[in-house]
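To start, the structure under review is shown below, and the notes come after it.
What's counted below: heavy atoms across the whole structure, side chains too, no hydrogens, waters or symmetry copies. Everything quoted here is computed from the prediction, not taken from an experiment. Order of the sequence lines sets the chain letters (A, B, ...), proteins ahead of strands, with each chain counted from 1.
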Amino acid sequence: MATTEVERRRGQLAALSIAVVVIIVGVPLWWRTTETYRAWLPFSQITDLSKLQLHLSADVEVVFARGTLTPEQQKRVPLTQTQDEEHAVDENTVLRYTHEIKYRTATIMEEDALSKPTAAEADLSLHMLSESPCGSSVVYVIPEVSSLLPENVKVYIGQRRTAMLRMDAEMRAGKTVEQLLAVLKPQIKQVLQVMSFSHTDITAALSDRVRFNPGDQESMTHSMRAFTSSPGYEITFSLLNPDPKSHRLHWDIEGAVQTYIQPFLTKLSPVANFSVDSQMLHYAMLGVNPRYNNERGAYILHADSLAHVINPVEARLGSNAASSNPVLNFLLYVPNAQHSPIYIQDHKKMEVPSNAFHSPRWGGIMVYNVKNLYGPEPEFPVDIDINMAEVMGVFLTQLRLLVGMQSSPPPPGFSVAPCGSVGLADWELDRLMWSRSVENIATATTTITSLAQLLDQIGNIVINDNIAQQVSSAVTSVQLAVAELEAGNLGFALQYSKEAILASEKAFFDPSLLHLLYFPDDQKFAIYIPLFLPMCVPILLSLLKIASEVRQRYREKQAKKD
Amino acid sequence: MAAHRCSHLGCVLLLFLSIILVTPSQETNVGNEQHPGVADDPRAGAETKQTAEEPAADERRWEETEVKESQQQVSDTAELPPKLQAKEDFQEELVIRPLHSGDIYASFQFRTVWETDFMKGNKVSHYRLFPKSLGQVISKFSVRELHISFTQGYWRTMQWGQPFIPSPPGAELWVWFQDSVTDVDATWKELTNVLSGIFCASLNFIDSTNTLQPSASFKPLGIGNVTDHRFLRYATLPREIVCTENLTPWKKLLPCGSKAGLAVMLKSEKLFHSSFHSQSVHIRPVCQDWQCKSPSWELRQALNVVFDLHTSGQSKREWSLFKMFSRTLTEACPLASSSKIYIDITDNPQEEQFELSPATPLLSQAVVLGDRRTYSVYDLTQQVTFGTVRSLNLMIRWKSSEGDMLRPLLHAERYVAGYGLQTGEIHTLMYNNHPFRSFPVLLLESVPWYLRLYIHTLKVTSKGKDNNPSYIHYQPSKDRERPHLLEMLLQLPPHSVTEVTVQFERALLKWTEYTPDPNHGFYVGSSVISSLVPSTVAMDTNITMEQPLFSSFFPCKEESSYFVRVYTEPLLVNLPTPDFSMPYNVICLTCTVVAVGYGSLYNLLTRSFQIEEPNPGLAKRLANIIRRMRGVPPL
């Protein structure tokens with residue numbers, strides 16, 4: 001009897017130890033060998049990113065020219081002041097703007113510069129004196145009697161980062177510095193709205209993150225018009241000649257690009273890289289037949305039909321074979337001799353003077369009529385030289401819009417200097433860089449958070465080391481960019497935000513993320529059922545048996561006690 | 001200004017209201033007044049009028065661009081010095097050769113020559129006749145020469161003679177890179193991907209396992225004496241199917257597209273209803289003039305097609321442009337400097353064979369492929385050609401079906417011999433039909449790695465005797481990395497067949513390496529035979545002389561011989577193919593075996609063993625029963 005009992009106990013122990021080995025060694029071993037590789041991702045930092053707190057700060061210098069302050073006031077001018085503003089755009093995004101305002105009086109050289117006859121000259125010589133860093137701005141307060149500005153102009157905004165503000169009677173009235181500054185401050189704020197970042201710009205740049213309420217029409221149109229931020233753009237000028245039989249067109253695109261477009265692009269080079277090329281397309285027709293208007297004696301292209309114009313042409317434009325950057329298309333369409341001239345009409349049945357239109361995030365097209373360049377009975381084909389100055393003026397304007405230059409008119413009383421041969425003022429570039437940095441940060445954070453969410457939700461995607469590395473470098477770059485924005489280093493902020501966007505896109509679009517998407521867990525279990533079923537059934541049965549025996553013994557013990 | 005701003009605001013409000021009230025769309029006026037103060041400022045000019053259509057309806061909204069006065073600085077610099085533009089020249093040509101088999105061979109060639117230089121880091125970005133997409137490819141990847149062809153069907157040299165531009169079935173790509181390229185393999189990989197996008201073909205399947213670096217067979221066809229074959233890459237995809245989606249991007253590269261000129265006849269429904277179709281693009285640097293100081297770039301687009309007019313219905317032997325292409329010609333491409341149709345009438349000097357209408361007084365002679373041929377020429381740039389009906393429909397009516405074709409001097413064929421799925425033998429036969437002259441040929445064989453060549457079994461025999469190659473370049477394959485490459489220089493004796501045989505073993509692939517239809521077999525690309533064949537007439541060696549396009553593709557260095565390239569048939573080889581549910585079966589079987597072993601082990605370990613009283617035997621039990629009945633105690 002004793003020996004059978006010993007045998008039984010040995011059997012039970014064996015069953016238990018097999019169960020223990022299977023559970024402790026076998027199952028984890030199987031799990032580890034069949035599991036997909038998932039590298040570690042900085043999830044906690046990514047969740048931090050989903051709550052974005054952007055702090056933008058810029059330096060502003062306010063310089064008082066001679067005759068604006070009384071000696072008494074001069075002594076009591078404070079050195080610095082900060083202006084803070086905070087907006088909560090939505091529950092996850094908070095914007096804070098800081099303007100660090102430094103006050104000082106003008107130096108002698110600056111006084112000299114300000115005594116130039118015109119504002120433009122003063123602007124130029126002030127620029128020669130000192131170069132203000134990217135993102136900052138200088139406001140010169142000039143006396144009321146100064147002849148620099150015309151009568152009705154209160155503020156003059158220069159080509160660089162300087163503005164001139166004329167004292168007015170209200171300010172004169174203020175006896176103490178505090179009173180004066182109180183009057184001055186809102187005016188300076190208005191100047192900064194134009195020259196530095198404004199809330200509308202920044203919220204428009206956040207469109208990737210934040211859903212707009214439909215009332216925000218203006219900024220929405222703007223943000224939809226401009227191209228989204230990208231490290232590079234391809235600009236393609238295409239000359240469409242639907243009728244090579246009658247028109248032999250010549251355009252000096254090379255010289256025109258050198259003269260008109262290249263300075264603008266060179267100036268924009270901190271924001272993105274641009275490459276320019278051009279082509280001629282023959283027999284490229286518009287998708288719409290313009291209607292003949294008897295009164296006008298010309299063909300009319302109505303604004304409603306513009307949307308259909310491009311489709312057949314676009315097939316022939318071709319994408320850039322050598323890069324994957326977005327393409328900005330500028331088309332010059334010379335109507336064929338039979339359907340000429342063509343004029344574009346807007347919604348009010350008015351002719352558009354430039355005869356050009358543009359499409360958001362695509363490019364622009366200009367209709368160039370050549371009918372009046374030759375007589376009524378010409379001998380075809382006619383050689384035609386295209387006036388590139390006229391064409392490039394239109395294309396440059398469209399390019400500014402598509403790149404994302406703000407086009408809102410300046411507030412009343414403001415005069416803005418013409419932007420010179422470059423086509424772009426320094427402060428405009430700053431504004432673009434502010435909004436581009438913010439846009440990049442917003443895009444990168446949304447990309448990373450959605451990637452993290454996706455990877456979190458689908459458990460059997462392989463995460464390779466290079467993806468993890470891209471994600472962490474994107475996260476670090478975003479953090480650096482945010483920090484640089486806060487410190488006011490605009491150039492670095494843009495640089496880091498660009499790196500962030502590149503790394504995040506690379507991680508998001510990595511092809512390895514698709515590999516095992518359709519190999520779900522239930523199939524894995526199904527394949528291993530022939531192993532698990534015969535293995536687990538005896539273990540489970542013997543475990544049950546052991547449990548019931550233990551329970552029975554326990555009950556017997558209880559009975560004995562009773 | 002203030003009023004303007006107010007109107008701005010008011011309009012936005014108005015717009016908003018109109019949307020809410022769903023009133024019919026209303027004309028709104030935003031910023032339409034002229035502001036003299038800012039007239040010459042593009043910033044103000046950039047104001048655009050809001051279109052009053054429903055705002056969220058279109059994602060892409062069209063806006064008129066309003067530019068107020070051209071800019072000051074723009075008009076300042078408006079006087080640009082007129083620049084000399086590089087000359088570009090476009091020619092188009094169609095050659096029609098009636099074949100003795102009754103088929104018609106039509107060969108289109110389009111050639112753009114551009115006096116510009118893509119080499120030495122020159123940035124070329126303004127295109128006129130030259131297609132931009134190809135130009136960008138050349139600049140970005142520093143390409144010196146690019147030859148790409150897509151072919152459907154096999155060129156039957158024995159029946160049709162030599163084509164003007166030969167090409168193997170499927171896709172073929174060979175590229176010479178400039179010597180400034182440092183990582184040729186990476187550039188090649190990227191280039192094939194880009195070309196696959198441009199031509200809608202599966203060129204992206206070109207990788208190191210089907211890329212070769214032939215040492216002698218593919219020399220540059222343009223100028224430049226770079227012969228370092230490190231910069232050459234050659235690949236074929238014998239399985240590539242060529243169809244409309246490849247033709248459309250090819251036609252797009254033409255300056256006139258398919259809207260004017262000879263290209264109007266390129267209708268895919270007719271072109272692909274043919275025995276043979278081949279389209280190719282060749283880019284190379286050529287000489288600008290006879291001094292050859294600076295290069296021009298030549299883009300040659302060729303399309304060769306052989307129509308089988310016998311089988312397509314009528315038994316009458318006659319054809320016309322309209323019958324072949326379902327179009328007639330009405331004009332030349334206005335951009336072309338020359339636009340011509342050549343009809344080969346060499347075999348028909350007295351019109352005894354066929355009758356050509358409309359007749360043309362223009363005749364031209366050209367030396368092509370070692371023979372002097374006579375052509376009737378139709379110049380499309382002359383209005384006279386189109387006659388009174390203003391359309392040209394060439395027609396040929398046959399009178400007799402006699403006449404022999406000269407056998408081509410060189411042709412070749414190839415096949416696989418052997419049985420079973422383990423070993424086999426590749427036979428390549430080369431025919432020299434010249435009655436008394438022997439000439440050298442370069443044979444290039446490329447065999448994928450999964451056919452393991454036994455190079456010691458390589459045997460070359462002609463006329464029953466061993467033929468020793470004077471040059472052999474053999475590069476063994478590496479599994480999953482590179483194919484076999486075998487190049488040989490052979491002398492073909494006159495009037496002989498030379499046979500090259502080599503044995504191979506078929507490898508077993510990994511289960512993911514099989515194609516979706518593995519039982520169809522695996523293709524082995526054509527062998528390439530390049531040769532200088534003795535010519536019966538003196539060849540033109542002057543490269544700059546005005547010549548028809550079809551005779552000027554291969555440069556000719558000496559008068560006594562001409563260059564010919566012959567492609568053999570591709571091979572289709574069966575490989576041992578496994579059952580593809582194998583991995584699942586393996587897992588299931590292993591699991592079952594493990595489970596069975598485990599079950600018995602488990603039983604052994606957990607059962608408690610007891611010594612059982614042995615059962616009394618049957619006799620004893622019976623005895624006991626009897627004893628019990630008798631009342632006697634059991635045993």
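If you measure heavy-atom distances from A:Val537 to chain B, you find no contacts under 4.5 Å at all. For B:Leu129, the part lying near chain A is the side chain, with the backbone staying farther off; criterion is any non-hydrogen pair under 4.5 Å. Neither the backbone nor the side chain of A:Ser238 comes within less than 4.5 Å of any heavy atom of chain B. For B:Glu190, no part lies under 4.5 angstrom from a heavy atom of chain A.
Residue B:His126 comes nearest to A:Asp277 through the heavy atom pair ND1-C, 4.3 Å, listed as atom of the first residue, atom of the second, then distance. Of all heavy-atom pairs between B:Leu254 and A:Arg316, the closest is O-NH2, 4.5 Å.
In this structure, A:Arg10 contributes its side chain and B:Leu605 its backbone to a donor-acceptor pair below 3.5 Å. Without hydrogens or angle criteria, B:Lys132 side chain to A:Gln279 main chain gives no donor-acceptor distance under 3.5 Å.
Rounded to the nearest 0.5 Å, atoms NE2 (A:His250) and CZ (B:Arg128) are 8.5 Å apart. Taken from OH in A:Tyr283 to CG in B:Leu335, the straight-line distance is 7.0 Å, to the nearest 0.5 Å. Between B:Cys333 atom SG and A:Lys245 atom NZ the span is 11.0 Å, to the nearest 0.5 Å. In this structure, CD on A:Glu234 lies 7.0 Å from CD on B:Gln136, to the nearest 0.5 angstrom. Separation of atoms SG (B:Cys591) and OH (A:Tyr528) is listed at 7.0 Å; rounding is to 0.5 Å.
For the options A:Arg248, A:Gln258, A:Arg9, A:Met280, heavy-atom pairs under 4.5 Å to chain B are most numerous at A:Met280. Contact count against chain A (heavy-atom pairs under 4.5 Å) is highest for B:Pro334 among B:Cys588, B:Gly599, B:Gly257, B:Pro334. Considering only heavy-atom pairs separated by less than 4.5 Å from chain B, the leading option among A:Pro534, A:Ser278, A:Ala15 is A:Ser278.
For the pair B:Tyr598/A:Ile539, a side-chain contact is recorded, criterion being any heavy-atom separation below 4.5 Å from C-beta on.
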